[in-house]
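We're numbering straight along the sequence, starting at 1.
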Amino acid sequence: MASKRWRFAASRRSAGYSQEQLAEQLGVERSTVTRWEAGETTPQPWVRPKLAKLLTVSGEQLDGLLAEAETAAAVSSHDVTAAVTSTEPVTVLEQVERLRQGLHETISEHALSRASLDDWEQTVSQHGNATRDRPPVAMLDDLTADLAELQQALTRCRSSTALRRLTRVTAHLAGLMCLTLIKLGSRPAFRRWARTARTAADEAGDPLTASWVRAQEAYGCYYSGNLTDAVVVAQHAQTLAGHTPCVGIALAAALEARAQAALGKTQETLEAIARAEAVLAALDDESVTVSAFGYNEAQLRFHEGNALTHLHDTTAAWSSQQRALELCPANDYLDRTLTQLDRVACLAHDGDASGAADYAIQALVPLTEDQRRGLITLRAHEAVATLPSGQRALPAVRDLHDLLMLTSGTKENEGWW
């Protein structure tokens, strides 16, 4: 009598395939897969390489999964009873132990250790810290590599507790991918990753993670020019965490302030800034840090300065910008440069075209081309776009234009000049 290949069936489920789906991938009938798992037949040699690839196992591991039926079938209930009651050492007991080992492996072979989960969470933390000073192009490469490995871990994970932690890691890494793509100005890719991050956060069942993920999505809407959507998503992010002060709420409230200001809504802007400041005051020490997963006064003053810049309150904006620059770490090139570009916008609004261009050049020249690429170049364009056309012929403004064109890799004026 044939014996079911339990481990083989478990590997198929862990790989995410139903019997019908696996059969379709292999070009065989579903009944063929059913017979394989029942131990009635064995896959032909020419099918095995593709089967091993689909199950994400080696050829040797596949052989072990398929050999399970032979081992189990050799152990009949009569043999087991005889072996247990006998005083003579027999090989059947060894077969029983091998059966136990196979069962144990079925339960535990795809389970992630606590150390592995801790390592993944530490990886997330390291990526969060790196966002402050690592160019987005480099971040993109690092995140892509880790997300590919994470996908394999998710496929193999069996424990519901471990899977929940790993799904939360997925939400955080996908959210960081969103942030990276925002910086690179890749809007379609950002929107797709935002959907993945949101799905992972929902599956993880963690409202604080969900709030943080939605805050990242709000920033993407904002930098894509979808201000109304940015407000809606930011407000949703603030409600997800309930009454628990967290980084997601602080980020979302600050972003809402910026979007409301860009829409010209002064009262709503000031109320959102006040909410962000109140949440910051209530955060625990671990959350007040220089990281994509933290929030501190330097970030708040940058966001406040940007909102006030949109409102054309240049005096108040200048004060917030000054405080942000005092608090911003030297290696946090992104927030530091964006704060300086807000100052450029204030100078431009006040009619100092040459001063605005000179200040922008001083902010941009120390950066590498990779650091300038994407969001910073976009913001530099926006900061001086309001200059009257007659002032764009000034030497300093032309120098700034040439620097921006060099970074964007185009000779065209792209509607700016």
Side-chain angles (χ1 to χ4, degrees), residues 116-151 153 165-186 189-190 193-194 196-197 200-201 208-209 211-220 223 246-248 250-251 254-255 283 285-300 302-303 324-325 327-341 363-364 366-379 407:
S116 296
L117 289 167
D118 290 345
D119 183 62
W120 271 114
E121 289 169 352
Q122 181 62 31
T123 297
V124 167
S125 178
Q126 291 170 349
H127 280 307
N129 294 336
T131 59
R132 314 313 300 176
D133 58 10
R134 192 161 177 75
V137 173
M139 284 292 302
L140 186 67
D141 290 341
D142 293 344
L143 286 169
T144 299
D146 280 337
L147 281 161
E149 186 176 344
L150 177 61
Q151 183 178 17
R165 286 179 65 182
L166 208 58
T167 304
R168 185 165 56 245
V169 166
T170 304
H172 282 140
L173 286 183
L176 289 176
M177 181 65 86
C178 286
L179 180 60
T180 300
L181 292 167
I182 291 167
K183 294 177 182 178
L184 290 172
S186 182
F190 146 72
W193 275 97
T196 298
L208 302 189
T209 297
S211 175
W212 181 86
V213 163
R214 288 292 273 175
Q216 303 309 312
E217 185 175 356
Y219 276 81
Y223 282 113
C246 66
V247 171
L251 284 167
L255 186 279
L283 291 179
D285 291 342
E286 290 186 1
S287 298
V288 184
T289 183
V290 182
S291 166
F293 301 111
Y295 198 73
N296 56 28
E297 188 187 353
Q299 291 169 277
L300 174 64
F302 157 57
H303 294 144
L325 292 172
L327 295 172
C328 187
N331 63 340
D332 190 350
Y333 79 91
L334 181 62
D335 278 5
R336 175 172 290 277
T337 305
L338 291 177
T339 301
Q340 292 169 323
L341 291 175
L364 297 174
L367 303 179
T368 66
E369 186 170 341
D370 280 345
Q371 289 174 332
R372 289 196 300 267
R373 192 180 305 279
L375 180 57
I376 286 179
T377 296
L378 173 65
R379 287 287 294 111
T407 302

Original post:
How many angstroms lie between atom CG of Leu334 and atom CG of Leu375, to the nearest 0.5 angstrom?
Top reply: 6.0 Å
Original post:
Is the backbone N or O of Leu166 less than 3.5 Å from a side-chain atom of Thr170, with the two atoms forming a donor-acceptor pair by type?
Top reply: yes
Subject >> Heavy-atom check, side chain of Thr131 versus side chain of Lys183, under 4.5 Å >> reply: yes
Subject >> Residues Arg336, Asp133: salt bridge by 4.0 Å N-O rule >> reply: no
Original post:
Can any side-chain N or O of Gln151 pair as donor or acceptor with the backbone N or O of Ala148 at less than 3.5 Å?
Top reply: no
Original post:
To the nearest 0.5 Å, what is the distance between SG (Cys178) and CD1 (Ile182)?
Top reply: 6.5 Å
Subject >> Atom pair CD (Glu149) and CG (Asp146), whose distance is rounded to the nearest 0.5 Å >> reply: 6.5 Å
Original post:
Rounded to the nearest 0.5 Å, how far does CZ of Phe190 lie from CG of Leu179?
Top reply: 10.0 Å
Original post:
Hey, what do you get for CG (Leu367) to OH (Tyr333), rounding to the nearest 0.5 Å?
Top reply: 8.0 Å
Original post:
Is the backbone of Glu286 close enough, under 3.5 Å, to the side chain of Thr289 for a donor and an acceptor to pair up by distance?
Top reply: no
Subject >> Heavy-atom side-chain contact between Leu173 and Leu176 under 4.5 Å >> reply: yes
**OP:** Nearest 0.5 Å please: distance from the CG atom of Leu143 over to the NE2 atom of His127.
**Re:** 5.0 Å
Original post:
Is the shortest heavy-atom distance from the side chain of His303 to the side chain of Leu255 under 4.5 Å?
Top reply: no
**OP:** Assign the ring pair His172 / Trp212 to parallel, tilted or perpendicular, where the plane angle (0 to 90°) is split at 30° and 60°.
**Re:** perpendicular
Original post:
Heavy atoms, side chains only, cut-off 4.5 Å: are Leu140 and Leu181 in contact?
Top reply: yes
Subject >> Under 3.5 Å: donor-acceptor pair, side chain of Tyr219, backbone of Leu251 >> reply: yes
